[in-house]
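All ligand and atom numbering here is 1-based and tracks the order in the structure. Nothing here was measured: the structure is a model prediction, and the numbers come from that model.
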Amino acid sequence: MCGITGIVSLNRGDIGRILVECGYKLTYRGYDSVGVAAVHNGVVDLRKDVGTMDEVDVRLGLSEMLGNRGITQLRWATYGAPTKVNAQPHFGCDETFYGAHNGNIHNYHEYKQELIETGHIIRSENDGELCVHAVDKYYEETQDMLEAVRLSTRDLKGAFAFAVGRSDAQEIYAVKMGSSLVAGIGNDETIVSSDLPSVLPVTSNVIYLQDGEMLKLTPHEVTVYRIEDGKVLDRPSQISDVDPNAAEKGGFPHFMLKEINEQPVVAQDVLGLLEGSKLEEWLRMIEEASNVYLVACGSSHNAGIVGTYYFNRLAGTPIIHAIGGQFEPMYGNTLEEDSLCILVSQSGETKDILNVLNLVRKNNLGKTLGVLNVVGSTLMFNSDSYIPMGCGYEVSVPATKTYFSQTIIFSYLAARLGMRNGKIDESEGKMFLNALRNDLPRLTQETIDHAGILAKNLARTMMDVDDLYCLGYGFTDGVAKEGALKIKEICYNHCEGMYSSEFKHGPLSIVTDQYPVIFVTTPEDSWMVINHINEVSCRGGRTIIVGEREDSLEPYVANEIDYLHVPKSDLLINPILDVIPLQLLSYFLSVDLGINPDQPRNLSKTLTVD
Ligand code: BG6
């Protein structure tokens, strides 16, 4: 995924500075390369290179670029290696047109050939360059920029958003065709960007766009058009209440540690949101469905696995969980018109999830219930209903507070559902909901405080570990998979998350003296997990345990440092807390290894590509 930002200003002469400030807020969308195209006195100054915004800014003086309008782009490479020539923005045939995109142009190779055969000079291997040439092509034919931008989308296939301008005209145009785009109206300047944090340094007065729409920016207004027929659409702006400093570290060394520490507040906020108005609608959607699928990717999928256990235990509701890219080939033919797909995506823009959304909507195969964090996202606008995760922006590429919020949402919905269908009695349900409301925020803080020290010490003993397993059982199945994903994402270790009873059916062969295996458990399941621990420890494996302190487990850790314990809690609260030591362990190990956990190599916060 990538990030684009375009600004048109009446009074600024140093457009580079604000473009870099706004662009910097999109770092989590990609940091393979960065570029700025700034227009000064009718000439486009284009500077771009591999590296992060900070690195390229220092190297090429991006912040010093002059002009009153321009576009910046941060790239996560898909088409074309992360090189200088493939960095964005791009020119068209000459240095008149400039622009950048986010997303994928699926007909890249065919269209590139078609453009070359009609005389276009294509400089890079990056599909974003074709967006600029497509506009260039239709401008030649129509001499009308609005029409040229509109017609260009007919040639471009795929899911994308792009921004484009001309050296000799002040307007910047942008298109939303499957990737996120939001605009803003400031004082004598307007802005368009892939994401809200990048708009906020200029204005909180924002306009959310929908797919199939395009816009024209002038210093004083944002005009929205329907691409299909060029009709002007009435799209009032709205004031965003997202904190402009949300994309700041707040004194923490990394966003990841800040966002882990925000989890107590997230617990309070999300429970407040769940008590809100649409709970009845969400519960009814689940109750009335013939089949309920839960589809997600990455950490959101791991949270969904945890949710499946809650729906089983508290509501007796079977949930079929699948990863986004797997859903259509695995379950596509089982969908019926009364199915429900719970689509979980903190960004609301993950292409693998939007593909499922489109499959359901285009074939009228039931309803969709989004679980999302980013207001104004494609998933928000296009699902039948959505549950807000209320986490505030999550900037760090590895998910933490958003995963945490999702597990709370699923446990809450399951309890409410179980109380309605009688799977659990009213008193049991109320006891659990009270524990969520009254104990979870406090217990979350206690776990962070307590496990932080333990995790930091344990991390130091794992510096030379490059291969390990993380096993869970029952409710901690998804928790262990999430812990393994964190270690893979930010420590670059191979850590496989697996169901602990499955480990003996083959993977156990990996265990040799001191081979590390993490067991994530709860007091409810430790009687079973002890069998699986024994299978490892009797073969000399190093057992690391995450869970409440239990006497029965003490003998299985060679030394105290290998036991990351969490405070005692209600049985069914514990699985929500058990992820915290794993978040902290991966964080401290990543930092000890000299890695920046916020921007792990090769990754991006949201993958808006297939
Ligand atoms: C990956 C991120 O790209 O997408 C993960 O690196 C994330 O952290 C996954 O869990 C799914 O993202 P989303 O926005 O669909 O929840």
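The two residues Leu379 and Ser345 make their nearest non-hydrogen contact at CD2-CB, 4.0 Å. A pairwise comparison of heavy atoms in Lys176 and Asp211 identifies NZ-OD1, 2.6 Å as the closest pair. Here the closest heavy-atom approach between residue Leu582 and residue Cys470 is recorded as CD2-SG, 4.2 Å.
Taking any N or O of Gly348, backbone or side chain, none lies under 3.5 Å from an N or O belonging to ligand 1. Taking distance alone, with nitrogen or oxygen atoms compared against 3.5 Å, Gln406 stays at or beyond that limit from ligand 1.
Here is the list of ligand 1 atoms found below 4.0 Å of a heavy atom in Ala399: 8 (O). Under a 4.0 Å criterion applied to the non-hydrogen atoms of Glu489, ligand 1 contributes the atoms 5 (C), 6 (O), 8 (O). Interface atoms of ligand 1 facing Ser299, defined by a heavy-atom separation under 4.0 Å, are 10 (O).
The pair Glu496-Lys481 fails the salt-bridge criterion, with no side-chain N (NZ, NE, NH1 or NH2) lying under 4.0 Å from an Asp/Glu carboxylate O.
Geometrically, Arg601 engages Tyr492 in a cation-pi contact defined by less than 6.0 Å to the ring centre and at most 45° from the axis.
With respect to atom 1 (C) of ligand 1, the closest heavy atom belonging to the protein is Lys605 O, 3.8 Å. When only non-hydrogen protein atoms are considered, atom 6 (O) of ligand 1 lies nearest to Ser604 O, 3.2 Å. Ranking protein heavy atoms by distance to atom 14 (O) of ligand 1, first place goes to Ser347 OG, 2.7 Å. Given atom 11 (C) of ligand 1, the protein heavy atom at minimum distance is Cys297 O, 3.5 Å. Summary of contacts: the protein heavy atom closest to atom 8 (O) of ligand 1 is Val397 O, 3.1 Å. Ranking protein heavy atoms by distance to atom 16 (O) of ligand 1, first place goes to Ser300 OG, 2.6 Å. When hydrogens are left out, the protein atom nearest atom 12 (O) of ligand 1 is Thr350 OG1, 3.5 Å; that is the closest non-hydrogen contact.
Looking at Val479, Val520, Ile260 one by one, the single match for side-chain contact (heavy atoms from CB on, under 4.5 Å) with Val579 turns out to be Val479. Shown are Asn104, Asn102, Ile4; of these, the side-chain contact (heavy atoms from CB on, under 4.5 Å) with Ser179 is made only by Asn102.
Ring-centre distance between His254 and Tyr587: below the 6.0 Å cut-off.
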